[in-house]
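Predicted model, so just to flag it, every value in this text is computed and none were measured.
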Amino acid sequence: MFKAQDNSYIGPIAGYSQLITVVVFSLLRAQPLFILRTFIAALGLFCVSPSSVADHASLIENNDLAQPTPHSHKIQTPINSITLAAEDSWPPFADQFGKGISHELVKSAFAQVAIQVKTLVVPYSRGLRMAERGNLDGVFNVTKEISTQDRFIFGEQPLFQASASFYQHTSHPVSAKNKYDLAPNTVIGIIKGYEYGDEFFALAKQKKWPLFIANNQTQLINMLLVNRIDLAIMFDRVADEHLTQMGVNEDIAAVFNNHQSDIYVAFSKLQPNSAHLAKKLDEGLIKLKNQGQYAKLLLPLKN
């Protein structure tokens, strides 16, 4: 028995034949630009199946393509790794090899909340700039004070406290008993980018102390040894490390206190997860304290 021929594609083929006729007619009479447009339209129809043409027409008619989908925004994934800047010359807390108490403390606290920490060892002032510009997530060993709170996001839990003192050459002692008694024009050495308490720079301006800006503690100590400066402000545990390493403990000594700092991780205000990371660090530090691990990590400071 003769089988009936399937005519389901006769309609589309006929449509394509009519379009070809239009194209040929256009080639004979129309302008070049119109010829190009007509040819592209014909090519598009040949590349699209009849069913897809109908589907797209239906979508356009229902305005589905014109509106964004409700979940078109990027869904944030859980944070499992961050990058922090660490100073290269602040032992025993952070040294040029990426080692120290601060490194262990920060990594251990974030490990409590399943976040891995990668560190970039740089000079302190550069680490501050990188975090402030949003080049990385944050920087640690930062004093939480007015000048830094305007620039960074902090948690509630400090890493630890650190005291800083004025140091002098023992053969050229100053007569003052505290910083408020220091004479005008006393030359004081400080380190670029460091924090020295909320009142120090205002006091230096009021007292007209010339400030020598050094890049690190070694440079400050050398300036004291050759009498280029009268005093230098250094964090006490850091000064101990450098003075011992340089073998000048008998020549350079602390004379009186400058300030006590709460030391934190400072998170970038330009990174969207900074407030969340500050809370997670607080959570991790509290867990370390409850487990007794925090005190063990700070044991080297007791020696």
Side-chain angles (χ1 to χ4, degrees), residues 79-132 134-144 148 152-164 191-195 215-218 234-245 260-268 271 273-274 276-303:
I79 304 167
N80 53 28
S81 178
I82 63 172
T83 303
L84 301 175
E87 185 181 356
D88 60 355
S89 63
W90 215 54
F93 304 103
D95 63 21
Q96 71 269 33
F97 305 110
K99 305 292 183 182
I101 295 170
S102 295
H103 285 272
E104 296 300 321
L105 187 55
V106 171
K107 290 180 179 179
S108 297
F110 272 117
Q112 294 291 318
V113 291
I115 296 176
Q116 181 185 9
V117 177
K118 301 174 184 177
T119 55
L120 180 66
V121 179
V122 294
Y124 184 70
S125 59
R126 186 184 304 170
L128 290 176
R129 289 196 305 271
M130 293 179 72
E132 195 168 12
N135 299 133
L136 32 68
D137 295 293
V139 53
F140 56 82
N141 293 335
V142 179
T143 299
K144 187 178 181 179
T148 54
F152 302 103
I153 292 174
F154 293 88
E156 298 298 327
Q157 298 289 322
L159 298 177
F160 49 84
Q161 285 190 328
S163 61
I191 294 179
K192 183 179 181 180
Y194 274 28
E195 302 86 37
N215 292 319
N216 51 54
Q217 281 80 11
T218 300
M234 294 184 285
F235 283 89
D236 296 314
R237 287 310 302 261
V238 180
D240 289 345
E241 291 278 332
H242 285 280
L243 292 172
T244 299
Q245 184 180 8
Q260 183 95 355
S261 281
D262 288 329
I263 305 298
Y264 285 80
V265 176
F267 295 96
S268 174
Q271 289 289 343
N273 297 314
S274 289
H276 172 73
L277 289 174
K279 290 180 181 179
K280 299 303 288 185
L281 178 58
D282 284 345
E283 182 183 335
L285 287 169
I286 291 171
K287 286 184 177 181
L288 287 179
K289 291 176 181 179
N290 292 339
Q291 295 167 3
Q293 295 300 313
Y294 177 84
K296 291 181 180 179
L297 288 168
L298 293 185
L299 271 178
L301 297 179
K302 306 296 182 181
N303 300 332

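Side-chain contact, Gln293 with Gln112: no donor N or O sits under 3.5 Å from an acceptor N or O. Side chains of Gln157 and Tyr294: a donor-acceptor N/O pair is absent below 3.5 angstrom, by distance only. Between Glu87 and Asn141, the side chains place no donor N or O within less than 3.5 Å of an acceptor N or O (distance only, hydrogens not considered). The closest side-chain donor-acceptor pair between Glu156 and Tyr264, if any, does not fall under 3.5 angstrom. Side-chain contact check for Ser163 and Asp236: at least one donor-acceptor pair (N or O, by modelled atom type) lies under 3.5 Å.
Here the closest heavy-atom approach between residue Arg237 and residue Pro300 is recorded as NH2-O, 3.6 Å. Counting all heavy atoms, side chain and backbone alike, Val142 lies closest to Thr148 at CG1-CG2, 3.9 Å. The minimum heavy-atom distance between Pro92 and Glu241, with the atom names listed, is CD-CG, 3.5 Å. In terms of heavy-atom proximity, His242 sits nearest to Pro91 at NE2-CD, 3.6 Å. Scanning all heavy atoms of the two residues, the minimum distance from Gly134 to Ser268 falls at CA-OG, 3.4 Å. Nearest heavy-atom pair, Leu128 versus Gly193, reported as atom, atom and distance to 0.1 Å: CD1-O, 3.4 Å.
At most 12 heavy atoms of other shown residues, nucleotides or ligands fall within 6.0 angstrom of atom NZ in Lys192.
To the nearest 0.5 Å, atom CD1 of residue Ile191 and atom CH2 of residue Trp90 are 10.0 Å apart. The CG atom of Leu105 sits 14.5 Å away from the NZ atom of Lys296 when rounded to the nearest 0.5 Å. For the atom pair CG (Asp88) and CG (Asn216), the distance works out to 8.0 Å, reported to the nearest 0.5 Å. A distance of 9.5 Å separates OH of Tyr194 from OG1 of Thr143, quoted to the nearest 0.5 Å. Remark: Gln271 CD to Asn135 CG distance equals 8.5 Å, nearest 0.5 Å. Within the model, atoms CD1 of Ile79 and NZ of Lys280 stand 9.0 Å from one another, a figure rounded to the nearest 0.5 Å.
With hydrogens and angles ignored, the 3.5 Å screen pairs a side-chain donor or acceptor of Lys144 with a backbone N or O of Gly155.
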_Test log, rule side-chain contact (heavy atoms from CB on, under 4.5 Å), inputs Val238 and Gln217_ = CA-CA 8 Å; Val238 180; Gln217 281 80 11; 3.7 Å; yes
_Let's go through Gln96 and Ser89 carefully: what are the C-alpha distance in whole Å and the side-chain angles of both, what is the deciding distance for side-chain contact (heavy atoms from CB on, under 4.5 Å) to 0.1 Å, and is it a yes or a no?_
CA-CA 6 Å; Gln96 71 269 33; Ser89 63; over 6 Å; no
*Derivation of the side-chain contact (heavy atoms from CB on, under 4.5 Å) call for Gln116 and Asn80*: CA-CA 6 Å; Gln116 181 185 9; Asn80 53 28; over 6 Å; no
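Side-chain contact between Leu288 and Ser108: present, with at least one pair of heavy atoms (C-beta onward) separated by less than 4.5 Å.
Between Glu132 and Arg129 no salt bridge is recorded (no basic side-chain N to carboxylate O distance below 4.0 Å). With respect to Glu283 and Lys279, no salt bridge is recorded, no charged nitrogen being found less than 4.0 Å from a carboxylate O.
Between Phe93 and Phe140, the distance separating the two ring centers is not shorter than 6.0 angstrom. Ring-centre distance between Phe152 and Phe267: not below the 6.0 Å cut-off.
With respect to Leu84, the side-chain contact (heavy atoms from CB on, under 4.5 Å) criterion is satisfied by exactly one of Val139, Val106, Leu277, Leu136: Val106. Of the listed residues (Leu285, Asp262, Leu297, Leu298), just one forms a side-chain contact (heavy atoms from CB on, under 4.5 Å) with Leu159, and that residue is Leu285.
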